[in-house]
Amino acid sequence: MGPTDDQASAQLQPDVPHAARIWNYWMGGKDNFAADRAAGDAVAQVYPEIVLMAKQSRRFLIRVVHHLAAEAGIRQFLDIGTGLPTMQNTHEVAQAVAPESRVVYVDNDPLVLVHARALMAETTQGGRTVHVDADYHDPDLILATARQELDFSQPIGVMFMGVLGYEPDLKVAASIVDRIVTAAPSGSYLVLWDGTNTTPAVVEGAERLAQNGGVPYILRTPDEIGSLFDGLELVDPGLVQITEWRPDGEAEWLDAYGAVARKP
């Protein structure tokens, strides 16, 4: 599925900020370097809500995966651009509901890959957790490897959680989503969220990220994010701020929109 731990470790660039590690820092994790923390702090200085966004994005993930497993009966998940493991990852939420659930994670960060080795051993009876070393710009590779683990005759939960902003061209992002969703059978679901350009502070935060060596993140309008669900049936409450998707507490304002949609 990819390089060995030693090979992956050799690819680490601790002096270069990396998206997965910066996000890990905002979430309170320890799998990050000084360069990641510096870039993360630069963003938080002008947009302190980024820390809340990181934590609320995980709560969104927990709610949507639980919904798909418990209410929609999904037993297969393809989580693309998963990032570093934290608490209550996709496989933990899904397999807590249905131990037989199979989860394929996709990421191309070497540090993510090192941590993913441990996840592969965390299987429940009948379930499986696998990591694929791939970039989402290569959907054909993702599909080829995912087919080795998932049954594409049965519904799949396809997930892009806060990662498509790293692709500057909306048409390219849409083509990636469409390629994966087209390959999934009827009854599958798309779960997707991304940051939005809905306040001046978040726009300045994105500028600071790029200025401090982070990979530029393109903030889009809610309508642009909504266009990625074209042809699918939005699950209630539709496209909303991620804190407003079936909230389990007070729904705080966030410059991040997402939705869950079913493929007819």
Side-chain angles (χ1 to χ4, degrees), residues 53 55-83 88-98 100-106 136 139 142-143 146 150-165 170 173-196 198 220-264:
M53 185 185 295
K55 294 177 179 178
Q56 286 291 345
S57 70
R58 180 49 52 120
R59 292 178 64 178
F60 175 66
L61 180 149
I62 293 168
R63 295 196 302 275
V64 297
V65 172
H66 186 273
H67 165 77
L68 292 181
E71 299 181 41
I74 297 297
R75 297 294 179 263
Q76 305 184 107
F77 295 83
L78 180 56
D79 188 342
I80 301 173
T82 177
Q88 295 201 59
N89 301 286
T90 299
H91 73 285
E92 293 169 314
V93 179
Q95 291 172 357
V97 175
E100 69 274 21
S101 296
R102 301 173 72 87
V103 178
V104 172
Y105 289 113
V106 179
Y136 64 49
I142 292 172
L143 289 169
L150 305 179
D151 179 358
F152 273 67
S153 71
Q154 298 299 315
I156 299 169
V158 176
M159 303 167 61
F160 290 90
M161 305 299 274
V163 296
L164 290 174
L170 180 61
S175 70
I176 292 168
V177 173
D178 182 68
R179 179 71 183 90
I180 300 293
V181 173
T182 296
S186 175
S188 293
Y189 286 81
L190 172 65
V191 182
L192 185 153
W193 79 268
D194 262 306
T196 53
T198 36
R220 298 189 164 101
T221 67
D223 284 346
E224 287 174 327
I225 292 174
S227 70
L228 298 171
F229 294 93
D230 285 352
L232 305 177
E233 301 169 346
L234 288 172
V235 173
D236 185 66
L239 180 72
V240 294
Q241 291 179 30
I242 58 174
T243 50
E244 295 179 339
W245 200 92
R246 306 192 179 189
D248 51 8
E250 183 178 354
E252 302 167 278
W253 169 276
L254 274 184
D255 297 290
Y257 279 68
V260 178
R262 183 180 181 276
K263 180 178 179 179

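We count residues from 1, following the sequence as given.
If you take CD1 on Ile242 and CD on Gln56, they are separated by 6.5 Å, rounding to the nearest 0.5 Å. Going from atom CG of Leu239 over to atom OH of Tyr257 covers 7.5 Å, rounded to the nearest 0.5 Å. One finds the OG1 atom of Thr243 at 9.5 Å from the CE atom of Met53 (value rounded to the nearest 0.5 Å).
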| said: Is there a side-chain contact (heavy atoms from CB on, under 4.5 Å) between His66 and Val97? Walk through the geometry before answering. | reply: CA-CA 7 Å; His66 186 273; Val97 175; 3.6 Å; yes

| message | For Leu164 and Tyr136: C-alpha separation, side-chain torsions, deciding distance, then whether side-chain contact (heavy atoms from CB on, under 4.5 Å) applies. | response | CA-CA 9 Å; Leu164 290 174; Tyr136 64 49; 4.1 Å; yes

| request: Please step through side-chain contact (heavy atoms from CB on, under 4.5 Å) for the pair Ile142 and Leu78, ending with a clear verdict. | output: CA-CA 9 Å; Ile142 292 172; Leu78 180 56; 4.3 Å; yes

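Using a cutoff of 4.0 Å between basic side-chain nitrogens and carboxylate oxygens, Glu252 and Lys55 are not scored as salt-bridged.
When all heavy atoms of Ile156 and Pro185 are compared, the pair lying nearest together is CD1-CD, 4.4 Å. The two residues Ser153 and Asp151 make their nearest non-hydrogen contact at OG-OD1, 2.6 Å. Listed here is the closest heavy atom pair of Ile62 and Val93: O-CG1, 3.7 Å.
A heavy-atom distance below 4.5 Å is not found between the side chains of Phe77 and Val191. Under the 4.5 Å side-chain criterion, counting only non-hydrogen atoms from C-beta, Leu192 is not in contact with Val158. Between Arg246 and Val235, some side-chain heavy-atom pair lies under the 4.5 Å cut-off. Considering only heavy atoms from C-beta on, Gln241 stays 4.5 Å or farther from Thr196 through its side chain. Inter-residue side-chain proximity for Met159 and Leu61 is flagged as met; some heavy-atom pair is nearer than 4.5 Å. By the 4.5 Å heavy-atom criterion applied to side chains, Phe160 and Leu228 are not counted as neighbours. The side-chain heavy atoms of Tyr189 and Val64, taken from C-beta on, include no pair separated by under 4.5 Å. No side-chain heavy atom of Val106 sits under 4.5 Å from any side-chain heavy atom of Thr82.
Every residue meeting the ring-ring contact (aromatic ring centres under 6.0 Å, His included) condition with His67, not counting sequence neighbours, appears here in chain and number order: Trp245. Judged as a side-chain hydrogen bond (donor to acceptor under 3.5 Å, both in side chains), and not counting sequence neighbours, Asp230 has no contacts.
No side-chain donor from either of Gln76 and Gln154 sits under 3.5 Å from a side-chain acceptor of the other.
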